[in-house]
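Since the structure comes first, as C-alpha cells, the remarks are kept for the end.
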Amino acid sequence: MPDVKPARVRFAPSPTGSLHIGGARTALYNYLLARQTGGRFILRIEDTDQTRFVPGATEQVMAGLRWLGLQWDEGPDVGGPHGPYIQSQRADIHRAHAGQLVEAGAAYYCFCTKERLDALRREQQILKRQPRYDGHCRLVPPEEAKARQAAGEPCVVRFKVTEGAKTTVRDLLRGDITVDNASLDDFIILKSDGLSLYHLAAMVDDHLMGITHVIRGSEWLPSLPKHALLLRAFGWDEPAWVHLSVFLKPSGKGKLSKRESANLKAEEGHSVFVHDMQELGYMREAVLNWLALMGWSLDDKTDVLSLDEMIAGFSLDRLNPAPAAVNFDKLDHFNGLHIRGLPQAELARRLLPYFDGAGLKADEAALLRIVPIIQERIGTLDEAVDMAGFFFRPNVTPRREQLIPKGLDASSALAALLAARDRLAALPDLTHAATEAPMRALAEELKLKPGQLFGILRVALTGQPVSPPLFETIALLDRPVVFERIAAAEALLLGSEK
Ligand code: GLU
C-alpha cells in the first residue's frame, strides 16, 4: 500500500567525500517516497564533525544527485522554510536544545577532566569491564552545576540514560529493536566548545524540519536507541524508522570496503562513485534502476523501471532488509537495456559528449546516422567511441597482420583486397543493397570464406577487427574515404614483412 500522507524526508550526507552508491540509493528511496506521496525531499548537509570535512564534497554530492535527477525541494542552495540546511549553521539551535534538556533534568553538565576519564577507562580495562562513563557528575546538584558552567568551568553536556531500563524502538523493516540501557552510557550531546554532537543535532533538525520518515543506512542502527531516547526526552513524536540493507562485495562475501571500492575503477572499469559512472558510460536511468532493485522490488518479476514507474510503484513494505550484493554485471545489463530503449535521436545526443571527450569531431546529425548500427551493440555509452570512432578519424591505422585473415598470406590478402576494390569502384553507389551481393560473389570466385574477405575489408576500412556490420558501415563512409583507406591497406600489405 502506498503511503498516502505527504512524507517529509531527508537525505543527510556528511560532506566526507563524493556521492557513492550507498548514499545514492538512500537518496533515491527518500526521493521516491516524497514524490509518490506529494511530500518534500530535503537535502541537509551534516557537517558537525569538522575533522572529517572534505572541501568540495558538498558540491560533489549535489552534482551526483543532480546527475541522477534526484532534485531536492529544500536544501542549502534552494532554501526552504526550515533552514538553514547546513547543520553547522544551526549550532545555536542545537545549543539551546541541549540547555532545554538540562533544564528538564534529562541531561546534565559534566565537568570531568580528561585525566579523570582516562583513569576511569584504565581502571575499567584492568577490571575487564566495558568502558563507560560512570555517571559521576549526575551527583552535582543542578544549582551548583549551573553556577560552575556560568562561571566558565569547562564542561560537556551528557544525556541522562535511565538506568536499569530497556529501550525499544520499532524499525519498519526489522520490527522492534530492544537494547539494555546499560549499553548506552550517558552519551555526550554538547561538547565543551558548545558545539553539538551528531546525535543531538540530527534529532533536533529532524524534528524542526518536520521529518516524517528517517530512511537511512543500517550503519545507523546502533545509534537508533539514542536517537529515540533523545526525541522522547523532548516529548516529540518519532518518525517512522527505516534502516536499509547493507551492501556486500560482488562476491557476496563481506561488506564492500572503502579500499576495495577505490580499486574497482582501475581494475574492472566499475566504480561505486556516482561521478565516475557517467565517465564510464552509464546512463542515469540504468544506475537508478540498478540501485532501486538493490533492496526494493516492485513485484517478483519487473526489472526494467523508469523513475516515474518507480515513483508510482514504490512502497516501504517492499523494501528488503537482507544484505544486497553489489552486482556490476547487473548494472551493465540494465545499461544495455536502457540504451536499447532510448529513441535514436536521444541516444545520438547522449553519445556526443563521449566523442567530444575523445577529441573526435562528431555532431548529432552524423551520430544519428550511425546510431541504428550501434544501438544494439554497445553496453555503455563510451563503447560507442571504440566501436564507431573510425567514422570520424581522418584515417585508420590497422596493423599489417590484422589485414591477413587466418588461412591466407599477405599476397593472397592483397589480391583479394584489390579485387574487392575494383568491384566496389565499378558500382555507382555503395549502399548496403548494392555492395553485399557482389562481395559475396567475389568471395566465392576467389574460393574464400565470406568472413575472410569481409575481415580484410573490415580491418582496412575501420582499422579494427570488430566493428558494426560491414555493409552498413561502407554505406555510411564517404565514397572517397572507402578508396583512400583501401589504398592505405594496400600499401601496408605491400610493405615489408616486419
Ligand atoms: N550524516 C549521516 C551520514 O552521512 C546521516 C545519518 C542519518 O541519516 O541519520 O551517514
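Residue indices begin at 1 and follow the sequence shown. Note that the structure is a prediction, hence the values are computed from the model and not measured. As the structure lists them, so they are numbered: ligands from 1, and atoms in each ligand from 1.
The aromatic rings of His338 and Phe334 sit tilted, their planes meeting at an angle between 30° and 60°. Ring orientation note: the planes of Phe392 and Phe355 are nearly perpendicular, at an angle over 60° on the 30°/60° scale.
Within the structure, ring-ring contact (aromatic ring centres under 6.0 Å, His included) pairs that include any residue of residues 160-194 comprise Phe159-Phe187, Phe187-His199 (at least two apart or interchain).
Taking the centre of each ring, Phe41 and Phe11 stay at or above the 6.0 Å mark.
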Donor-acceptor pairs under 3.5 angstrom involving side-chain atoms of residues 98-109: please list them, not counting sequence neighbours.
| unit_1 | atom_1 | unit_2 | atom_2 | d |
| --- | --- | --- | --- | --- |
| Glu103 | OE2 | Lys146 | NZ | 3.3 |
| Tyr108 | OH | Asp186 | OD2 | 2.6 |

Can you give me every donor-acceptor pair (side chain of residues 319-328, partner residue at least two apart or in another chain, under 3.5 Å) with its distance?
| unit_1 | atom_1 | unit_2 | atom_2 | d |
| --- | --- | --- | --- | --- |
| Asn320 | OD1 | Ala322 | N | 2.9 |
| Asn327 | OD1 | Asp329 | N | 3.0 |
| Asn327 | OD1 | Lys330 | N | 3.2 |

Between the protein and ligand 1, which nitrogen or oxygen pairs come in under 3.5 Å, and how far apart is each?
| unit_1 | atom_1 | unit_2 | atom_2 | d |
| --- | --- | --- | --- | --- |
| ligand 1 | 1 (N) | Ala12 | O | 2.8 |
| ligand 1 | 1 (N) | Ser14 | OG | 2.9 |
| ligand 1 | 1 (N) | Glu46 | OE1 | 2.6 |
| ligand 1 | 4 (O) | Ser14 | N | 3.1 |
| ligand 1 | 4 (O) | Ser14 | OG | 3.2 |
| ligand 1 | 8 (O) | Arg10 | NH1 | 2.7 |
| ligand 1 | 9 (O) | Arg10 | NH2 | 2.9 |
| ligand 1 | 9 (O) | Tyr198 | OH | 2.8 |
| ligand 1 | 9 (O) | Arg216 | NH1 | 2.8 |
| ligand 1 | 10 (O) | Trp220 | NE1 | 3.1 |

